[in-house]
Amino acid sequence: MNVFNFHLTNSCNYNCTYCFGKFPEKKDLPLKEACSVVDNIARYFSKNGIKDGRINLAGGEPLLYLHLDDLIEYIYAYGLKASIITNGSMLTEERISHWKDKVYCIGLSLDSAIPETNLTIGRSCKNKAPTVKQAVRITQAIHRNGIKLKINTVVSKLNVNEDMAEFYKRLKPDRLKFLQVEIIDGINDGAEKLAITKKAFDEFCKRHNKCCNETICEKSESLENSYLMINPQGEFQLNDSGKYKTYGSCLEEDLSEILSRVPISSDKFNSRYGKESKREVLTKKICIFGGHATWIKGLKESFVNARFFKDGDLHSIDVIRNAEEIWIQSNAISHSFYGKVVDAARANKVPVRYFEYAGILKCIEQVKFKKSS
Ligand code: SF4
């Protein structure tokens, strides 16, 4: 199990009828305890030799969790991947750029391009629904900062007939996930009136299948017994056949112990995250200078401990001093910055290597086998 969903808060500025990110207890964990949950997950990954572990930070709306940035730093310091699922309404360019090296993927939940539909769903704050323009602005900033973009759309009676193809094409997600509206006993009972048939869901998926290279369709039952969830109180929960059940506290018990009594469906888990698990992951501590946003995004998937730097972006020589190797993609960096990096690396006896290709796979091979002129 290499992906855990840590729901940091029950609070959200939206009120979607079918929201399943709701929890009875309203108080969020203090930072120290949230970090203990991360410690527990990291221990589990380490014990099980999982090198590509990811912690997905969700809510409610995770940007309403007071200690979100500190927690991301903490996860990053472990060399684990952090991703975030957000409604995007509070995302700013500044925040996205701050997360540049630390967040592997931002998932935006976007259920309609039509403001009236969003209002009816409850995806609005003070009667204001998100606009296409806002979504374009946010997604452009995510792409610019080399962070992977995922879009999640819950398909219900309210959007099942909508044509969202143009909307998706403008946002250019790296991954697009459609989720059939799901009813969880006692959590989102109001969602029942928005439920759709499998056939209607399949038709929506078929219509939008070509809007992204990686499209995933999750029928309502596929979340059952496979979505590994830690609630805002640090308790491990599972959607066990349409009902949330709690199996123990990650603050009190080792995660491996808790998981030993959880009825997880590995088939469902693997079909959701399998592709991610099969990817080769390298843990070398390297600094990579230069390269365009899409190239950086591709490399980030394989080099979990790499740090990426754009032209002029070097605030401390310590990052070079602590690196195993320095790699330079000479496109998109100036000659003077290149000189500064090479001088610092030589002064600290850190080997400097050069990418000889523009293609992501060849560059990964190069780093793996240290093939460089
Ligand atoms: S934006 Fe997400 S967390 Fe907030 S109410 Fe809607 S579904 Fe729930």
Side-chain angles (χ1 to χ4, degrees), residues 4-29 55-66 68 71 83-92 95 105-132 134-135 138-139 142 149-160 162 164 167 171 173 175-196 201 216 218 220 222-223 227-233 237 239 242 244:
F4 289 89
N5 299 282
F6 189 3
H7 289 251
L8 299 172
T9 181
N10 192 37
S11 310
C12 187
N13 55 337
Y14 286 178
N15 188 20
C16 305
T17 316
Y18 38 65
C19 177
F20 64 82
K22 286 184 186 150
F23 308 90
E25 177 64 53
K26 303 283 176 237
K27 234 173 132 200
D28 302 338
L29 286 180
I55 303 180
N56 185 42
L57 303 171
E61 172 46 54
L63 272 84
L64 286 172
Y65 180 63
L66 276 180
L68 178 65
L71 196 65
S83 56
I84 300 172
I85 292 287
T86 166
N87 64 34
S89 61
M90 284 172 279
L91 269 182
T92 58
R95 197 98 189 251
C105 174
I106 296 179
L108 290 180
S109 48
L110 297 172
D111 294 350
S112 175
I114 304 167
E116 292 72 26
T117 306
N118 281 318
L119 282 172
T120 316
I121 294 170
R123 299 191 73 79
S124 59
C125 182
K126 296 184 184 147
N127 228 19
K128 266 182 135 181
T131 63
V132 171
Q134 283 165 340
I138 291 166
T139 51
I142 294 172
L149 170 68
K150 179 172 123 183
I151 292 178
N152 282 356
T153 296
V154 175
V155 187
S156 71
K157 263 192 189 145
L158 297 173
N159 61 353
V160 71
E162 185 175 335
M164 294 178 68
F167 182 51
L171 307 185
R175 197 176 217 219
L176 185 53
K177 189 186 264 190
F178 307 122
L179 302 110
Q180 184 181 357
V181 67
E182 160 113 27
I183 297 135
I184 314 274
D185 199 12
I187 298 291
N188 62 353
D189 297 337
E192 264 177 65
K193 60 179 187 291
L194 300 181
I196 52 167
F201 178 66
I216 297 147
E218 275 194 3
S220 49
S222 60
L223 273 175
Y227 182 79
L228 312 186
M229 185 176 193
I230 295 163
N231 73 16
Q233 281 64 60
Q237 281 189 193
N239 171 353
Y244 284 161

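Along the sequence shown, residues carry numbers from 1. Every number for a ligand or one of its atoms is a count from 1 in the order of the listing.
The nearest protein heavy atom to atom 2 (Fe) of ligand 1 is not closer than 4.0 Å.
Annotation: ring-ring contact (aromatic ring centres under 6.0 Å, His included) contacts of Y227 (sequence neighbours excluded): H7. With sequence neighbours excluded, no residue forms a ring-ring contact (aromatic ring centres under 6.0 Å, His included) with Y14. For the ring-ring contact (aromatic ring centres under 6.0 Å, His included) test, residues two or more places apart in sequence or in another chain that qualify with F4 are Y44, F45.
For the residue pair N87 / S109, no side-chain donor-acceptor distance below 3.5 Å is found, with atom types taken as modelled. Between N13 and S89, the side chains place a donor N or O and an acceptor N or O closer than 3.5 Å (distance only, hydrogens not considered).
Between Y18 and I121 there is a side-chain heavy-atom pair separated by less than 4.5 Å.
For atom 4 (Fe) of ligand 1, the count of nearby protein N, O or S atoms, meaning those under 2.8 Å away, is 1.
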